[in-house]
Amino acid sequence: MTPHSCMHMTSSKHDSVFELIRSMSKAEKRNFKLYATRLAGNQEAKFLSLFDCMDALDEYDEGKILQRCPIKKEQLPNMKAHLYKQILVSIRLLDVQRSLPMQLREMIDFAGILYDKGLYRQSSKQLEKAREQAETAEQFSALIEISDMQKRIESLTISRSIASWSGAVSRRTQKVCEQVSRINDLSNVSMQLYSLYLKLGYARTQKDIDLIEQVFAPQLRQYDSQTLSFTEKVHYYQAMAWYHYIRHDLLNCYRCACRWTALFDREPRMKELMYDFYLRGYSRLLEGLFLLRSYKRFVKRLEDFYQEIAGLDVLNDNARMIAGQIWYSNLINRHFYEGTFSEGVNLVPRIERFLATFGALDIRYRMLIYYKIACLYFGNGDYAKCMEYLARVIRTRDPQIRRDLQCYARILNLICSYESGMDYNIDYQIRSVYVFLVKMNDMQQVQQEMMAFLKRVNSLFEADFKEEFRKLYKKLKPFENHPYERRTFYYLDVLSWLQSKLDGVSVAEVIRRRFLKEVGEAE
């Protein structure tokens, strides 16, 4: 499966209008032309010439634009601002019938226009229609605005039932405000946990685990999922999934992700309204199954995910970007699981096209994909290509972005240097990586043992290698199920690498044997 897209983005020069034009589909461009030329006088409008010129460019070049368009340099900023607004208006007009939030916004705007004209009855009808749809779809922010406008209208009309009516509206508004407050609290907890993961990765020490439990457990324990609305439950299960995931409680993370996605399976209409939450729920579910080594369930849910994104009507550019990132990450995970690295590296050109197409994909997800590709090449024995992709992670300017990936990319790079024979300055590399790990506060016992081994190996005789590999394997094996030391094995399959050295076979062969044994035992 190759997530398709109709856009091509460039980041060579960040120009908002140019990036917006490059993101437009053919249908959106055609609609914009019809919208912009709806008046005869606009046929030769300068902003249309600017649109055609920018649409023809492969990358933003202000010099070419000024040469080809009848626009002076001093006019260009204002013209681009006008074009930007007109494009957004035309896209909104095209998408409004497909988007309930946009439809609600339109109905509220129409009600405002009717209110300003003193047509209170018509305005009230618009608001009541909007309220019914907003309640069904749990669009709570819109409901608050609708209730506020309804109160304004009722205060200007004479009604014998105003007391009972206003009481009902007040109770309804109070309930919505309480729901919005809970959603805000739950989403804040979820975002804090997610931000913590993006910065540090899994909990590294018992101190990390204790801190997470002390800070977040009391906030989550106060909620009873049975009494929450659909939207509240989505945010609750999202927060719970991240809470368990960071603490290495993969089984409970998987269970929360199952409940998370099951919400949408029971309410399919909400998939289009909250598609990003739905896709992220699937991501947690797949990641949980992969780390739990539940192969058959993982493959089944991965196939289900393909069917879901293929049939999701709301698969816009953002949805395609999220879905593609999840799809390719888990396709790579499948090759990790099966030990089919030679097949996995064949995915790389497709993944590179995906990354080039979706230039807006966040740097954190790019780093994750680069790291996974590097691991594919490592498993395939191509250490030069592995180091090439590791360099993309290591070169990240901000050391606080995905510190976990930056640390393990450096460790894997050391192993590649050893394997490829490019170890002439291994002592300098080890010192450099050691300093980085200490600086990032990411030096655990597993890393210490590996660093000590790599430092030693450069001075060993060839006859002693096997014994040293055996000693390291025995030291690391007990940590495989350690409450927090095992995090290293989520990033690096060090034990399979060591086993390959002891057995004299490739890493891929070791992992393939383990996979076939696990699948056979599961039959």
Side-chain angles (χ1 to χ4, degrees), residues 1-5 194 197-198 201-202 241-242 245-246 250 253-254 257 260-261 275-295 297-310 312 315 318-341 343-380 386 389-390 392-393 396 401-402 404-406 408-409 412 487 489-493 511:
M1 176 265 188
T2 304
H4 62 285
S5 172
Y194 180 52
Y197 172 73
L198 287 179
Y202 303 94
W242 280 116
Y245 188 72
I246 295 173
L250 301 174
C253 172
Y254 167 69
W260 180 354
T261 53
Y275 66 87
D276 49 342
F277 286 96
Y278 177 57
L279 294 173
R280 293 300 181 199
Y282 236 116
S283 178
R284 289 301 95 227
L285 188 152
L286 290 168
E287 186 73 13
L289 286 173
F290 171 68
L291 292 175
L292 286 168
R293 299 196 65 77
S294 181
Y295 176 74
R297 287 183 181 179
F298 172 75
V299 171
K300 175 63 169 60
R301 294 312 294 258
L302 187 58
E303 291 171 354
D304 290 344
F305 180 69
Y306 172 80
Q307 297 299 326
E308 285 289 338
I309 61 178
L312 198 59
L315 212 60
N318 189 51
R320 277 194 288 273
M321 181 169 66
I322 296 171
Q325 179 263 319
I326 296 169
W327 171 252
Y328 282 123
S329 290
N330 284 284
L331 272 186
I332 294 174
N333 284 346
R334 181 172 181 173
H335 289 294
F336 289 162
Y337 204 128
E338 297 171 349
T340 51
F341 295 95
E343 295 176 23
V345 296
N346 292 330
L347 284 173
V348 175
R350 287 165 54 190
I351 297 173
E352 286 285 15
R353 286 195 295 271
F354 165 75
L355 294 173
T357 297
F358 291 94
L361 185 66
D362 189 84
I363 180 62
R364 294 165 181 81
Y365 297 119
R366 286 179 173 272
M367 290 172 67
L368 178 61
I369 290 176
Y370 289 147
Y371 185 80
K372 285 180 177 290
I373 292 175
C375 291
L376 275 178
Y377 280 115
F378 180 81
N380 200 43
C386 176
Y389 278 91
L390 290 174
R392 299 189 189 187
V393 179
T396 304
I401 295 177
R402 289 305 305 257
D404 55 331
L405 291 182
Q406 294 198 51
Y408 285 102
L412 183 55
R487 72 188 285 264
F489 305 113
Y490 298 156
Y491 298 94
L492 289 174
D493 195 350
I511 295 174

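None of these values were measured; they are calculated from a predicted model.
Annotation: side-chain contact (heavy atoms from CB on, under 4.5 Å) contacts of Arg392 (sequence neighbours excluded): Glu352, Tyr370, Glu388, Tyr389, Arg395. Residues forming a side-chain contact (heavy atoms from CB on, under 4.5 Å) with Asn346 (at least two apart in sequence, or on another chain): none. Every residue two or more places apart in sequence or in another chain that forms a side-chain contact (heavy atoms from CB on, under 4.5 Å) with Ser283 is listed here: Ile326. When the salt bridge (Lys or Arg N to Asp or Glu O under 4.0 Å) test is applied to Arg293, the partners found at least two apart in sequence or on another chain are Glu518. With sequence neighbours excluded, the residues forming a side-chain contact (heavy atoms from CB on, under 4.5 Å) with Cys386 are Ala374, Tyr377, Phe378, Leu390, Leu412, Cys416, listed by chain and number.
A salt bridge links Asp304 with Lys300: the closest approach of a Lys/Arg side-chain nitrogen to an acidic carboxylate oxygen falls below 4.0 angstrom.
Rounding to the nearest 0.5 Å places CZ of Phe298 at 5.0 Å from CG of Asn333. Rounding to the nearest 0.5 Å gives a distance of 13.5 Å between OH of Tyr371 and OG of Ser329. In this structure, CD1 on Ile351 lies 11.5 Å from CH2 on Trp327, to the nearest 0.5 angstrom. Distance check, rounded to the nearest 0.5 Å: CZ of Phe290 to CD of Glu287 gives 7.0 Å.
Evaluation of the salt bridge (Lys or Arg N to Asp or Glu O under 4.0 Å) test over residues 364-375, restricted to residues two or more places apart or in two chains, returns Asp362-Arg364.
Seen from the ring of Tyr197, Arg402 counts as a face-on cation partner, given the 6.0 Å and 45° thresholds.
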